[in-house]
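To start, the structure itself, in structure tokens.
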Amino acid sequence: MTEAQLTNTILSLKNQYLEANSTYINKIAIGSIITGDRQRESLKAVDIYLLILDYYSGIDSTVREDESPVTEEEILVIIAETTKLLNTFQSSYYAR
Amino acid sequence: MALADLEVVLSIEESPDGSYFTLSDITGDYNAISNPGGWEIGLAPSNTYSREQIVDDADPVRIYIEYNGGTYYYQLDISNTDVLYSLEEGIDLSPSDLAYASGSEDELTGETEYPDGVYEFTFNIDTDYSSEPYTYTNDPTSEGFASIIIGEVIREALNYRIYLDYKSKDEILEKVRLLNNLYFSSQIGSTTAFSENLEQLQLLM
């Protein structure tokens, strides 16, 4: 993955995350507890994944391969997990 | 004494795996208005001091590092000005590059990585410019570093999934929260808060 691809991917995910977060805030504001709880779980996970991506992209690309505690393969997995969570983020959840 | 007007400013960064510091001299060149503590150029300095003067005087130049009650140093080779000028680009210092000077315990020399914690850096010149012995030391730069534990927490966070049990999720979330606290401590310049949160994090790992 090139540096530009990584940067664009992270920006795109952050944009989607903030949109999802906005939906969550609106749900909480009207007292949708079940939906709010489910949405918050997804957002907490995405928040952690974005932290990992920011950490990885913050390491100088010239030393990343040798000195990063996380590998590119692991980052690709995290990007996939983040994308999956954001794509399946629902505007409403119902009790089972 | 001209050397007393010099104000060396250091910038230090740690490698992601904690194996070296990159130390840079960001003092800049002397300017009477914008940078009166900067480096002069050439011999016979008028207001501050120059790298050429250090080489001419053959002064020992050392970077001192203090960690956990121990003092260590790296002595620069000043047979010519190249090394001093190259400090602007940055030099990489591993623990194996350091010599142990004094203190309660030698924890750094011979190690392959720097332990997490608060470090203090000073730039020291011992000179006898104009036959007057003088030791210059800049204002110490204190920095907290935590590359090792940050790497460990990030690696653990790779396993976070929403379907994990609450205990596992809470553990990861708490460690990430403490990681953010380290970042906030650095932002406000509190080495006390940094050490406190680092210790908490190390206890959880």
Side-chain angles (χ1 to χ4, degrees), chain A residues 1 3 6 10 13-14 16-17 20-21 24 34-90 93 96, chain B residues 11-24 89-95 112-114 116 145-184 186-187 201 204-205:
Chain A
M1 173 176 265
E3 208 53 32
L6 179 63
I10 293 173
L13 290 172
K14 283 181 176 174
Q16 277 185 271
Y17 167 74
N21 195 59
Y24 162 73
I34 294 171
T35 296
D37 283 351
R38 294 283 299 275
Q39 288 176 337
R40 190 166 50 248
E41 281 302 308
S42 294
L43 292 174
K44 280 196 298 194
V46 171
D47 189 40
I48 288 181
Y49 298 153
L50 289 176
L51 168 81
I52 295 169
L53 293 174
D54 271 345
Y55 169 81
Y56 182 78
S57 73
I59 299 173
D60 193 317
S61 56
T62 57
V63 303
R64 204 180 276 156
E65 199 178 307
D66 294 327
E67 297 173 14
S68 170
V70 298
T71 64
E72 187 173 337
E73 287 72 31
E74 286 167 330
I75 288 299
L76 292 174
V77 168
I78 290 300
I79 290 172
E81 286 292 325
T82 314
T83 307
K84 189 170 67 180
L85 275 176
L86 289 169
N87 286 346
T88 57
F89 188 87
Q90 311 272 1
Y93 292 91
R96 293 199 188 95
Chain B
S11 156
I12 303 101
E13 289 179 11
E14 190 180 27
S15 67
D17 58 2
S19 64
Y20 62 88
F21 288 135
T22 300
L23 206 132
S24 310
E89 312 287 321
I91 57 169
D92 294 339
L93 288 183
S94 312
T112 55
E113 55 194 20
Y114 287 102
D116 295 330
F145 295 102
S147 282
I148 296 167
I149 203 150
I150 288 172
E152 288 174 9
V153 172
I154 293 289
R155 280 210 60 81
E156 205 171 298
L158 289 171
N159 300 318
Y160 187 92
R161 297 293 185 273
I162 57 174
Y163 51 73
L164 289 175
D165 60 277
Y166 277 115
K167 183 171 179 291
S168 302
K169 284 196 288 191
D170 277 349
E171 272 182 26
I172 294 174
L173 286 172
E174 178 61 8
K175 287 169 191 172
V176 167
R177 190 184 70 81
L178 290 171
L179 209 59
N180 285 334
N181 287 352
L182 289 181
Y183 174 60
F184 299 147
S186 299
Q187 280 185 312
L201 200 41
L204 289 178
M205 298 304 290

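Just so it is clear, the values below take in all heavy atoms, side chains as well, and ignore hydrogens, waters and symmetry mates. Numbers restart at 1 for each chain; the letters A, B, ... are given by sequence-line order, proteins then strands.
For a residue to count as touching a neighbouring chain, one of its non-hydrogen atoms must lie under 4.5 Å from one of that chain's; by this rule Ile75(A) does not touch chain B. With a 4.5 Å cut-off on non-hydrogen atoms, Tyr49(A) touches chain B through its side chain but not through its backbone. Residue contact with chain B, scored on non-hydrogen atoms closer than 4.5 Å, involves the backbone and the side chain of Glu41(A) alike.
Of all the listed residues (Leu179(B), Ile154(B), Leu173(B)), the one sharing the greatest number of non-hydrogen pairs under 4.5 Å with chain A is Ile154(B). Interface summary for chain A: among Val153(B), Leu158(B), Ile172(B), Ile148(B), the most heavy-atom pairs under 4.5 angstrom belong to Leu158(B). Interface summary for chain B: among Asp60(A), Val77(A), Val70(A), the most heavy-atom pairs under 4.5 angstrom belong to Val70(A).
Proximity of Arg155(B) to Glu74(A): side-chain heavy atoms (C-beta onward) are separated by under 4.5 Å at one or more points.
Between the side chains of Glu113(B) and Ser19(B), no donor-acceptor pair of N or O atoms lies under 3.5 Å.
For an aromatic pair to be called close, the ring centres must be under 6.0 Å apart, and Tyr114(B) with Tyr20(B) fails this.
Shown here is Glu65(A), whose CD atom has no more than 12 heavy atoms of other residues, nucleotides or ligands within 6.0 Å.
Here the closest heavy-atom approach between residue Tyr24(A) and residue Gln39(A) is recorded as CA-OE1, 3.2 Å.
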